[in-house]
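First the structure, in the form of C-alpha cells, and then the observations on it.
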Amino acid sequence: MTSERYNARESEPRWQRQWDDKAIFASKNDDVRPKYYVLEMFPYPSGRIHIGHVRNYTLGDVLARFMRAKGFNVLHPMGWDAFGLPAENAAIKNHTAPAKWTYANIDHMRSQLKSLGYAIDWTREFATCKPDYYRWEQLMFTRLLKKGMAYRKNAVVNWDPIDQTVLANEQVVDGRGWRSGAIVEKREIPQWFLKITDYAQELLDGLDTLPGWPDAVKTMQRNWLGRSEGLEIQFAVAGESEPLGVFTTRPDTLMGVTFLSIAAEHPLALQAAQGSEKLAAFIAELRHGGVSEAELETQDKRGMDTGLRAIHPVSGEPIPVWVANFVLMGYGTGAVMAVPAHDQRDWEFAQKYSLPIKMVIVDPSVIDALNEIEHDLSQGVGIDPMRAALRGRDSNAQDISAPLRVVEAFERRILEDAAWTPRGVLVNSGEYDGMDFSQALDALATRFERDGSGSRRVNWRLRDWGVSRQRYWGCPIPVIYCPKCEAVPVPEDQLPVVLPEDVAFSGVQSPIKADPEWRKTTCPQCGGPAERETDTFDTFMESSWYYARYTSPGANAQVDERANYWLPVDQYVGGIEHAIMHLLYFRFYHKLLRDAGMVHSDEPAQNLLCQGMVIAETFYRDNADGSKDWINPAAVEIQRDDKARVIGATLKADGQSVQIGGTEKMSKSKNNGIDPQTMVNKYGADTVRLFSMFAAPPEQSLEWSEAGVEGMARFLKRLWREVATHAANPDHPVTDPSALDAGQKTLRRQLHETIQKVSDDFGRRHAFNTAIAALMEFLNALGKFSDQGEQGRAVRHEALEAMVLLLNPVVPHISHALWQVLGHPQTVLEDQPWPQADSAALLRDSVTLAVQINGKLRATIELAANASKEEAEALARAQPQVLHFLQDMTIRKVIVVPGKIVNIVAG
RNA sequence: GCCCGGAUGGCGAAACUGGUAGACGCAAGGGACUUAAAAUCCCUCACCCUCACGGGUAUCCCGGUUCGAUUCCGGGUCCGGGCACCA
C-alpha cells in the first residue's frame, strides 16, 4: 500500500468526511488551552468560489492548523455575507428570487469550501440574510435611534431619470445609468445615518493600539478620518441675516481671501438661484453626473458668481461668493474661503475666471532679502509697496536690485506658475505681517473668539455613515412612519421586521416598495395607520458585527458572554481593498457593542493580514468593430524563443495567433478567471492550496500559473515517494545525536534549521512562500542523502516526520495520509505537537565570509565560527585574489563584520 | 484629482536589522532511462566580453548619504488598490 502513488482525488474526500463527521474542528469555550480566533473575511455568495477565496481561506487555514499544533484552542468559523446587489442583478437576469439564488449559491460554495479541506467549525455557520441574524442589528439600530446615535437627513444619490431609480456608484458608467443609458442626476432624498463621527477621535487614537495592523492600512484610515485643526470663520453676507461659515486649516492666509466658494446644494446658492435664471440653469447643470468623489474631483473646475457679497471679517472688504462644482456639501460647512495665491485648486479657479490673486505668505528667503535692504515689513511686501517704499531712498546708498529680484521672482511665480502652498511668513496682512503660521492662528482665534465671528475647531474628513439603501435584498430598516408621530422605531417585541423572500423581482422597483400590504402597519405610539420604512441597510451593516456573532451561536441576544472569551479576533485575514471602509465600520461597530455592554474590548481584531489580489494573463482578438474578444488563458498556448522568452500565443482550438493583453486582476470582463474547482478536480486540493501559498508572499498580488501548479504536484509526489520508500522498511531506530557522522550531522542540522525557519515564517513573518521554499530545499537535500546505515535511517525518519508535521497546515490531506504511512494511527494530526528545533543540532563549526575590496566581492573565506576579527582580516588579506587586486594599492581601512564580511578599502 | 502601496533574470519570487543580489519554483536547453511516449532522474541557466582563467555591468529612472544601498533620503516614471450606494 505504501508504495502506491498518492491519489488526491480519492483520498481527499475521505479525509474531509472524517473531519466533518467527527466535528474535529468544532471549538469549545471550556478549554484549558489559550484561545486563538482566526477569521477570514466571509464570502459574498456570488455563485462559485474564486481563486481569491482560495487564497484568503487557505491563509487562514494554515494559521488555524498551525496554531492548533502550537497548543491553542482555535476558533475558525465561516459564514455568508448574503445580502447585496449581485443577487438583485441575478434575479433580473435569471428571473429568480434573490433569496433562492443566494441559498443555492451558499449550498454550492459550502461544498466547494469543504472540498478544499478547510479546518472550519461549521457548527457556527450562518447567513446574514436570515432573520435570526439580522434581527439583532435591527434591535441595535432601534436602540441607537433612541440614544440619538442614528438620525435622518437628506443626502445626495445617483438618480436614473429613465428607470426612476437610485443607482449604486458601480451602476454609473461614464456618467450614465448602466441599463438605461440615461445621464445620471444627483438627487437629494432623506436617509438614515449613524453618528460614526462621534467616535472619530477614538477611531483615530485606537490605531495606535494596533501594532499588529499593517502601517499602510492605519495610514489610510488616519487620512480617511482626516483630523484637521483650524478655525471656523463666519463671513457676514450683505443683505442676509445669517452669516456664511467656512472652515479653514490655513487661517494664516485669511488676508489673501479673494472670493468664497460654496457647493451647488448650499442653501445660499439655491436662494440666489431664485433671482437668477442663469445661476439656476448652472446649478441645474451641475446636477448632471454621478456623486462619487473620484468623478467630482476629476471633472473640470467650474463655477459662477452668485452675485452675493460677503464681508471680509478683518478688512471689511466685499468678497464675491461663487458656486463651485468642487465644493462638497457633505464636507465641513459646504463653503470654503478661496485663497488663490496659496491653494492650488483656488489658484486654477482664479486663473480660469480671472479672479484676483493676492500674495500673503512668503518664503523666509524673501524676508531675508527684505532685511538686506532694511525694508520695514509694515510697509508691505509685494512689488508695488516695495517700489513705493524704495522710491524716496537714495538709490546710491543701497543696491536694491538683487533683493528686489528675489521678491519679484517670488511674486511672479505665484501669479503665473502655481500657488505657493507651504507655511511661511505673513505679508500684506496688516497687523499680522511678519507672523508665522501659529502666531497668526493664535492672533486670529483670539480676535474672533472675542468678537464672536469665529472659533478654533477640529474638523474631520470622516462623514457620518449613511446606512439607507433603496434596495430590496437587504435588511429592512426597523422604522415606522406615522403622519402624527413621524419616524418611530419598531418596538423590540415586534422585531424582527422580516424581509419577504418569496417575491417576484422585475429589477427596477423593490418588491417591498411595490407591495402596499407589506408597508401598511399601525403606529406603535398612537395606534393610527402608518407605513413601514422600505429602504434596507447598507450591507456593510451585516459585515460589521459577524465576527462577534460567531462567538455566540444560538444566543438570544446579539452576542452573549461567550463573546468575551473569544474576542478580540487574534488574526483577521482579508483583501487590501477593505482597508478603509469595511475595516473602519468593523472597528466602529465593535465600539457600539462595547458601549451597549456586550463586549469588553475596544478593538475587534488584534492582528490584520491583508492579502493581495489574484491576477492572470489576458489574451484577446480584435473584432472588426474595434472591440475585443477576451480569451480564457486555459484555451491558449504560449510560444517561446530559444531563450524561453514569450514571443506569441495561439488559441489551442484553431492554432491561430491571439494577442497578449498583459497580466490583470481576474475578472469576468477580461475572461481571465481560473476556476479553482477545475484545478482541485485535476490536481487535488493540496496542490492548489500549496501553489496559492507558494507563488507569492500573502500581501503581494499572486499570478496564477498552471505550470506552477504542476510544479507543486511534482513536489508532493516526490515527498510521497520519499516517505513510502523509507516506510517500506518498518524498522526505524531513534536518532542518537552523539553517534552521528559528518553527513548525518549536516542533514540533521539542515532539518533543524528548516524547523526553525518554517516555525518563524508561519508564526511571526506570515511568509508562507519562503517556508515552503525551505521545505522544498530540505527535501532536495534529503533526496541526495543516501545513507541507509542505522543512524542514517534514524535521521531520515526524524526528518520525514518533521516534514509531514511542518507541511500539514498547508497540505493537510496528504500529510494525514503520510502520517499513517509513517506508522501513526492518530488522525488528529493538529494535536501532534509542533516540531521544536534542537538548538544543539543548529551549531555550526565554521562560517563563510565574503571578502570585498572597495565594496566588490573578490573572494570568500571559510573559518572557524568563533574566529576573531583579526584572524578574519589576516585570512582575507592572504587570499591570492586579494593580493592580486591590491598590488598597486594602499590599504586605507579594513571593516570586519563578524559572520558576514571583510571589506578592504584601498586606493 | 486626493490617499495608500508596488516595481529585482525569459517568468513567479528570495535576500528578515545597510553586509556575498537571484534561495525556491516555473519556463527553456542538454543528457540518462524507454522500442516509443508519458513519468522520473542528472546537468546548464542574470546580461555582456573571453577558448578559458577571469573581468565588466546589473535590483524602474535621476541624484544623495555610506567603507558598503534591492534595503535609507530627495526628485521623477509606470502599474495597482481605495475614494463613502460593488463587496
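Just so it is clear, the model here is predicted, and its values are computed rather than measured. Numbers restart at 1 for each chain; the letters A, B, ... are given by sequence-line order, proteins then strands.
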[X] [atom1] to [N] [atom2], straight-line distance once rounded to whole Å:
X        : N      : atom1 : atom2 : result
A:Trp178 : B:rC85 : CH2   : C1'   : 12 Å
A:Glu577 : B:rC3  : CD    : C1'   : 17 Å
A:Asp760 : B:rC16 : CG    : P     : 12 Å
A:Leu857 : B:rA15 : CG    : P     : 20 Å
A:Asn158 : B:rC83 : CG    : P     : 13 Å
A:Leu194 : B:rA84 : CG    : P     : 18 Å
A:Ile772 : B:rA14 : CD1   : C1'   : 14 Å

Syn or anti for B:rG75 (syn when the glycosidic angle lies within 90° of 0):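 With its glycosidic angle more than 90° from zero, B:rG75 counts as anti.
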Classify the nucleic acid contact of [X] as base, sugar-phosphate or nothing, counting any heavy atom under 4.0 Å across all strands shown.
X        : answer
A:Gln470 : base
A:Met41  : nothing
A:Ser292 : sugar-phosphate
A:Phe540 : base
A:Leu584 : nothing
A:Ala294 : base
A:Ser46  : nothing

Candidates [options] - which lies nearest the side chain of [X]:
X        : options                : value
A:Val897 : B:rG19, B:rG80, B:rC41 : B:rG19
A:Asn903 : B:rC67, B:rC86, B:rA15 : B:rC67
A:Thr770 : B:rA14, B:rA27, B:rG12 : B:rA14
A:Gln700 : B:rG55, B:rA15, B:rA14 : B:rA14
A:Ser705 : B:rC26, B:rG1, B:rA23  : B:rC26
A:Phe694 : B:rU20, B:rC67, B:rG12 : B:rG12
A:Met581 : B:rA23, B:rC3, B:rA84  : B:rA84
A:Pro697 : B:rG81, B:rA84, B:rA14 : B:rA14
A:Gln191 : B:rC85, B:rC26, B:rU20 : B:rC85

Report yes or no: do A:Gln299 and A:Glu295 form a side-chain donor-acceptor pair below 3.5 Å?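 Side-chain D/A pair, A:Gln299 to A:Glu295: absent.
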Will you find, in the side chains of A:Asp160 and A:Ser180, an N or O donor that is under 3.5 Å from an N or O acceptor? yes
Does the side chain of [X] get closer than 4.0 angstrom to OP1 or OP2 of [N] through an N or O atom?
X        : N      : value
A:Asn854 : B:rG68 : no
A:Arg714 : B:rA27 : yes
A:Lys856 : B:rU57 : yes
A:Arg463 : B:rA84 : no

Would you please classify the geometry between the A:Tyr585 ring and the A:Phe540 ring as parallel, tilted or perpendicular, with 30° and 60° separating the classes?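 Ring orientation, 0 to 90° scale: tilted.
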Ring geometry between A:His53 and A:Tyr57 (parallel below 30°, tilted from 30 to 60°, perpendicular above 60°): parallel
How about A:Leu462 and A:Tyr199: do any of their side-chain heavy atoms sit closer than 4.5 Å? no
Is there a side-chain contact between A:Ile901 and A:Leu849 in this structure, where contact means two heavy atoms from C-beta onward sitting under 4.5 Å apart?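 In short, these two side chains do not touch, never coming nearer than 4.5 Å.
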